[in-house]
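Let me begin by presenting the structure, written as structure tokens, before commenting on it.
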There are 2 protein chains.
Amino acid sequence: MASTKPDPYVKLGEFIKRQRELGQLSIRQLAEMCGVSNPYLSQIERGLRIPSSMILQSLAKGLRLSAETLYAQAGIMDPQESEESDVVKSIMRDPDISARQREMLIDMYRSFRKVNEAEAAS
Amino acid sequence: MASTKPDPYVKLGEFIKRQRELGQLSIRQLAEMCGVSNPYLSQIERGLRIPSSMILQSLAKGLRLSAETLYAQAGIMDPQESEESDVVKSIMRDPDISARQREMLIDMYRSFRKVNEAEAAS
DNA sequence: TCGTACCGCTAACTATTGCAAGCATTCACG
DNA sequence: CGTGAATGCTTGCAATAGTTAGCGGTACGA
């Protein structure tokens, strides 16, 4: 048996790690937020362990992501075409908030993106 | 340990079983289609075992369901989550902003909704 | 009445998840 | 220097996911 390591899960781990670092959290912090042990989270991030559906759900909750997104990252689910501008599009489509409020949300979203980009470059 | 059996998973098993019977498939048939052993599928259906995310995905494929549906059945996915607005869902799907930023956007969006609702009532 | 083929399930085993404890390193401060 | 606190990682170990082998039961044709 060469690799019992279904490579998609390595990508999942890397994705989780990126998300954690984006939020400036240590492994222990995120682990506690998600209710998993810190060594285990470390192993997940490096693709050494494959989290169960329950754990994955906890991680999604902790990262404020939909579980769907995590599965998509793991290549488990169909890609689902998660475009970045989906956020903007769906904000613009929402009839239950005002134009002004839409504008504020969109501005905020865009500034987040911009800030993150700048930080990534440094 | 008393509750080694998070009973949402019992419901998941029953759901799978109903789906299988609806398709007039035997346990062995579905098991082979999904690439799992037949005793194991039997155990899943009775809630004695909790399938990993990989297996669950295979089952979804075999039953021609979206994995999301299975997760919803298992109560793994926040029921709330599936009723969220498109805005919240797409924010939660966005991998390019941090958890904290997602939280801020979602909070803001919700408070907009709340304010609007209050104003509409007056 | 055999023999075969299917059904679902049990038993016993292996493989993997997920944890508690603890190591090595780094940085801050007295 | 020390000492304390934070970082990520390694190491066993318990629990449980998932397997192969096989049992008892039912249906059907020879």
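Being a predicted model, the structure only gives us computed values, none of them experimental. To find a chain, count down the sequence lines: A is the first, B the second, and so on, and within it residues start at 1.
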Separation of [N] [atom2] from [X] [atom1] (nearest whole Å):
X     : N      : atom1 : atom2 : result
A:I55 : C:dT17 : CD1   : C1'   : 9 Å
A:E45 : D:dT10 : CD    : P     : 13 Å
B:Q43 : C:dA12 : CD    : P     : 14 Å
B:R49 : C:dT16 : CZ    : P     : 16 Å
A:L25 : D:dT7  : CG    : C1'   : 13 Å
B:R28 : C:dC9  : CZ    : P     : 10 Å
B:Y40 : D:dT16 : OH    : P     : 13 Å
B:I27 : C:dT10 : CD1   : C1'   : 13 Å

Might you list the N or O atoms of the protein lying below 3.5 Å from N or O atoms in nucleotides 27-29 of chain D, with each pair's distance?
none

Item to check | Gap between atom CG of A:L63 and atom CG of A:L30 - 0.5 Å precision | outcome: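 Here the rounded value is 5.0 Å.
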Next on the checklist: Quick check for you: to the nearest 0.5 Å, what is the distance between B:K89 atom NZ and B:I106 atom CD1?
Outcome noted: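 Reported to 0.5 Å precision, the distance equals 12.5 Å.
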Next on the checklist: On a heavy-atom basis, which atom in A:E45 and which in A:R20 lie closest, and how many Å separate them?
Outcome noted: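 Of all heavy-atom pairs spanning A:E45 and A:R20, the closest is OE2-NE, 2.6 Å.
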Item to check | Nearest heavy-atom neighbours spanning A:L65 and B:D94 | outcome: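 Of all heavy-atom pairs spanning A:L65 and B:D94, the closest is CD2-O, 4.0 Å.
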Checklist entry - Are side-chain heavy atoms of B:I97 and A:V87 found at a separation under 4.5 Å? => result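 No, their side chains stay 4.5 Å or more apart.
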Next on the checklist: Less than 4.5 Å apart, side chain to side chain, heavy atoms only: is that true for A:Q101 and B:N116?
Outcome noted: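 A side-chain contact exists here, since the closest heavy-atom pair is under 4.5 Å.
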Go through the structure and list residues passing side-chain contact (heavy atoms from CB on, under 4.5 Å) with [X], not counting sequence neighbours.
X      : answer
B:M108 : A:M104, A:L105, A:M108, B:F112
B:S37  : B:P39, B:Y40
B:E103 : A:R64, B:R100, B:D107

For a quick test of reading the model: is some side-chain N or O of [X] closer than 4.0 Å to OP1 or OP2 of [N]?
X     : N     : value
B:S42 : C:dC9 : yes
B:R20 : C:dG8 : yes
B:S26 : C:dC6 : no

Enumerate the protein-to-nucleotides 26-28 of chain C contacts in which both atoms are nitrogen or oxygen and the separation is below 3.5 Å.
none

Item to check | Sorted by number, the residues of residues 29-38 of chain B with heavy-atom contact under 4.0 Å to DNA chain C | outcome: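 Going residue by residue through residues 29-38 of chain B, the ones with a heavy atom under 4.0 Å of DNA chain C turn out to be B:N38.
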Is the side chain of [X] donor-acceptor paired with the backbone N or O of [Y] at a distance under 3.5 Å, no angle test?
X     : Y     : value
A:Q19 : B:A99 : no
A:R28 : A:N38 : no
B:R46 : B:S42 : yes

Next on the checklist: So if I take every side-chain heavy atom of A:R46 and compare against D:dT10, C:dC7, D:dG18, which nucleotide ends up nearest?
Outcome noted: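 Taking heavy atoms from C-beta onward, the closest nucleotide is D:dT10.
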